Visitor: 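Here it is, the structure in full.
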Amino acid sequence: MIIDKVIETFSPKAALEREANRKRLEMLRDISITNSGYDESGASRTKNSMKGWNANSKSPQEDIDKNVSILRQRSRSLFTSAPIAVSAIKTSRTNIVGTGLRLRATVDADMLGMSHEKATEWNKKTQREFKLWADSKFCDSTLQNNFYELQQLVELSYLMNGDVGAIVQYDTKKKPCIPYGLKIHLVEADKICTPHSYGYVDLNAKASNGNRIYNGVEIDDKGAVQAYYICNAYPNSMTEANKEWKRVRAFNQVTGLPNVLMVYESERPEQYRGVPFLAPVIESIKQLTRYSEAEIMAAVINGFFTVFITTEKNPSEMLFGGVGEESQGDNLSDVGDYGLGPGMINILEPGEDIKMADPSRPTGNFDSFTSAYAKYIGAALELPCELLLKSFTNSYSASKAALEEAWKAFKMKRSWLANDFCQPIYEIFLHEAIGIGRIKAPGFFLDPLVKKAYCKAEWNGPAKGMLDPLKEVNAAEKRIKIGISTREIETIEQTGGDFDTNIQQLKYENKLMNEVIEKDEIKEADSIVE
């Protein structure tokens with residue numbers, strides 16, 4: 001209202017009183033209406049337990065973008081100082097990515113009219129070509145990591161910061177050792193920001209074409225992402241004086257392939273930036289860290305044998321000889337000269353007394369309390385306490401159930417990483433490989449359906465591990481026998497290996513073993529004849 005705006009301008013105190021009275025009036029009106037449904041529970045504004053709970057969620061940009069910067073800083077701080085935070089992030093990284101998700105090309109042979117043999121040959125050829133690129137550090141624009149190490153960095157950065165950008169680049173100067181120009185440049189979340197924001201989030205920022213810019217992400221009037229703004233340095237860093245922002249289109253206008261892969265997990269519709277993995281438990285982990293540090297300090301202090309002498313004399317007149325050597329233990333100390341040692345005798349003067357320091361810390365409930373708190377934190381992060389603390393002291397069944405529950409979350413996040421990072425990069429790689437003639441794929445550029453058939457692939461990561469290998473293998477054998485699983489699936493699930501490769505290796509090993517057995521049998525027969 002206009003009146004409220006005028007009062008707010010000239011008398012903020014009066015404006016606050018008007019707003020408070022308006023809220024009270026609304027509450028009285030609500031009370032006068034008979035409660036129904038959630039009014040009597042979670043939406044109640046009359047219960048004592050709910051009166052002070054003034055939740056006021058707004059748009060994803062107001063709720064997330066305005067707060068994500070401080071969430072990142074606190075998440076990084078915990079990663080460098082809180083053991084349980086490091087465990088949560090690194091345990092997730094290790095189980096989701098491990099040594100890297102590996103490509104398994106699975107071209108749609110039926111769609112392309114290829115025989116099984118031809119499809120197998122094409123898959124192997126493509127995997128070799130991709131491995132040539134992925135194993136090389138030339139796939140990284142900074143020449144620091146291969147593709148599998150980039151995956152680890154992407155996952156770690158996403159968990160710590162909430163999101164990470166991957167810019168697709170091409171090097172026109174081909175190297176003799178690598179025929180591909182495709183390179184990936186990872187950009188940390190801080191460098192993707194609105195130009196000249198310097199840490200401040202302006203939700204009303206606009207691009208020169210009229211599009212809105214939310215925290216470095218340019219969107220059109222329909223909410224579709226159009227471009228990203230990337231700074232040449234960290235906006236709040238003092239190491240780079242001249243900071244410049246570059247606008248990078250989200251998709252290539254000619255090919256339609258992504259120029260930038262923004263890797264994050266969405267919580268709400270129309271959300272354009274991610275939230276750090278630890279965001280819901282930042283306060284809990286910080287409090288637990290403070291408590292642990294206090295208990296550790298108490299234990300250190302408790303390790304000192306402290307004696308206090310109460311006296312009526314001037315403290316400057318008192319002497320302390322320190323801890324005596326064993327050889328001095330049979331000597332009587334002088335009056336007023338105090339010391340500690342085996343067999344040492346101290347003579348106290350009148351009015352003096354000895355007080356022993358007893359901090360009675362650390363408390364005996366430290367381990368049980370931290371374990372209970374870890375369960376609380378782990379539940380929010382979908383990490384069982386056993387994995388978070390690396391402590392498997394429960395029964396086999398309980399530990400197995402915990403690992404199975406965690407594996408559901410790991411598989412979901414692995415699938416998400418493959419879909420948002422690995423698969424798009426593989427498809428971009430195929431465009432270059434087929435374009436320069438390294439891989440043959442008739443019709444790839446002519447029909448989107450044919451392209452999709454060629455791009456079909458699976459991404460396999462580390463196996464979930466076994467608590468009791470014998471039980472796990474027996475269960476796998478039964479699943480194969482009754483037809484609810486296959487040898488290929490079980491090979492991937494149990495060991496992370498490749499069934500076809502195993503068969504070829506076993507065939508080779510059996511051939512060698514048979515040759516050795518035949519030679520031994522011939523030698524044995526010759527010795528009998530002799």
Side-chain angles (χ1 to χ4, degrees), residues 78 82-102 151-152 155-156 158-159 265 267 275-282 284-285 287-289 292 365-419 458-497 499:
L78 289 177
I84 200 167
V86 179
S87 174
I89 289 177
K90 288 193 172 181
T91 297
S92 298
R93 185 274 317 268
T94 300
N95 284 277
I96 294 169
V97 178
T99 57
L101 305 186
R102 306 282 166 164
Q151 292 179 36
Q152 298 170 14
E155 184 66 22
L156 196 64
Y158 145 70
L159 292 170
E265 190 173 3
E267 294 180 355
V275 178
F277 179 58
L278 299 178
V281 293
I282 282 178
S284 301
I285 294 178
Q287 295 289 57
L288 181 60
T289 303
S292 301
N365 296 324
F366 175 75
D367 185 62
S368 59
F369 176 78
T370 52
S371 296
Y373 216 67
K375 292 179 182 177
Y376 172 72
I377 293 170
L381 301 178
E382 294 186 289
L383 283 173
C385 180
E386 291 89 343
L387 273 178
L388 197 58
L389 299 179
K390 301 297 185 293
S391 175
F392 297 89
T393 56
N394 296 326
S395 65
Y396 170 82
S397 299
S399 297
K400 175 69 173 172
L403 289 177
E404 291 288 348
E405 193 65 25
W407 195 246
K408 295 178 185 177
F410 293 146
K411 285 181 70 176
M412 182 193 71
K413 288 176 176 159
R414 179 181 294 179
S415 176
W416 160 78
L417 178 65
N419 292 334
E458 294 177 0
W459 296 89
N460 300 321
K464 62 181 176 182
M466 303 183 228
L467 291 179
D468 189 329
L470 182 59
K471 289 182 179 179
E472 299 282 355
V473 171
N474 288 338
E477 183 181 12
K478 289 182 179 179
R479 285 195 292 267
I480 293 170
K481 282 184 178 179
I482 64 176
I484 63 174
S485 186
T486 66
R487 290 180 173 85
E488 183 178 28
I489 292 174
E490 293 299 333
T491 301
I492 294 171
E493 291 288 336
Q494 301 300 327
T495 65
F499 178 72

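Every value quoted in this text rests on a predicted model; they were computed, and no experiment measured them.
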Visitor: Assess the residue pair Lys481 and Lys478 against the criterion (side-chain contact (heavy atoms from CB on, under 4.5 Å)); give the C-alpha distance rounded to whole Å, side-chain angles, the decisive distance to 0.1 Å, and a yes or no.
Guide: CA-CA 5 Å; Lys481 282 184 178 179; Lys478 289 182 179 179; 5.5 Å; no
Visitor: Taking all atoms of both residues into account, what is the closest heavy-atom pair of Pro384 and Ala402, and its distance?
Guide: CG-O, 3.1 Å
Visitor: As an exercise, state the distance from CD1 of Ile282 to CD1 of Ile377, rounded to the nearest 0.5 Å.
Guide: 11.5 Å
Visitor: Of Val281, Ile89, Leu387, which is the lone residue that meets side chain to side chain contact (heavy atoms under 4.5 Å, CB included) with Leu381?
Guide: Val281
Visitor: Between Glu386 (side chain only) and Leu403 (backbone N and O only), is there a donor and an acceptor less than 3.5 Å apart?
Guide: no
Visitor: Considering non-hydrogen atoms only, spot the tightest contact between Leu101 and Gln151 and give its length.
Guide: N-OE1, 2.7 Å
Visitor: What's the separation between atom CD in Glu155 and atom CG in Leu417, rounded to the nearest 0.5 Å?
Guide: 5.5 Å
Visitor: Would you sort out whether Glu265 and Tyr158 count as a side-chain hydrogen bond (donor to acceptor under 3.5 Å, both in side chains), showing the intermediate values?
Guide: CA-CA 9 Å; Glu265 190 173 3; Tyr158 145 70; 2.5 Å; yes
Visitor: Got Lys411 and Trp416 here, is their nearest side-chain heavy-atom distance under 4.5 Å?
Guide: no
Visitor: If the plane angle is over 60° it's perpendicular, under 30° parallel, otherwise tilted; pick one for Trp407 and Phe410.
Guide: perpendicular
Visitor: Where the side chain of Thr370 meets the backbone of Phe366, is there a donor-acceptor pair that is under 3.5 Å apart?
Guide: yes
Visitor: To the nearest 0.5 angstrom, please state how far the CZ atom of Arg102 sits from the CG atom of Asn460.
Guide: 11.0 Å
Visitor: Assess whether side-chain contact (heavy atoms from CB on, under 4.5 Å) is satisfied between Ile285 and Leu278, documenting all intermediate values.
Guide: CA-CA 9 Å; Ile285 294 178; Leu278 299 178; 4.0 Å; yes
Visitor: Can you give me the closest heavy-atom contact between Tyr373 and Ser284, atom names plus distance?
Guide: CE2-O, 3.2 Å
Visitor: Between the side chains of Lys408 and Glu404, is the shortest nitrogen-to-carboxylate-oxygen separation below 4.0 Å, so that they form an ion pair?
Guide: no
Visitor: Tell me, do Pro462 and Thr99 make a side-chain contact under 4.5 Å, heavy atoms counted?
Guide: no
Visitor: Verify, without hydrogens or angle tests, whether Arg414 (side chain) and Ile96 (backbone) share a donor-acceptor contact under 3.5 angstrom.
Guide: yes
Visitor: Looking at every non-hydrogen atom in both residues, tell me the closest pair between Ala279 and Val275 and how far apart they are.
Guide: CB-CG1, 3.3 Å
Visitor: Can you find a pair of side-chain heavy atoms, one from Glu382 and one from Lys413, that are under 4.5 Å apart?
Guide: yes
Visitor: Looking at every non-hydrogen atom in both residues, tell me the closest pair between Leu383 and Leu388 and how far apart they are.
Guide: CD1-CD1, 4.0 Å
Visitor: Give a yes or no on whether the backbone of Pro83 and the side-chain of Ser87 come within a donor-acceptor separation of less than 3.5 Å.
Guide: no
Visitor: Testing the basics here: between Gly100 and Gln152, what is the closest heavy-atom pair and its distance to 0.1 Å?
Guide: N-NE2, 4.3 Å
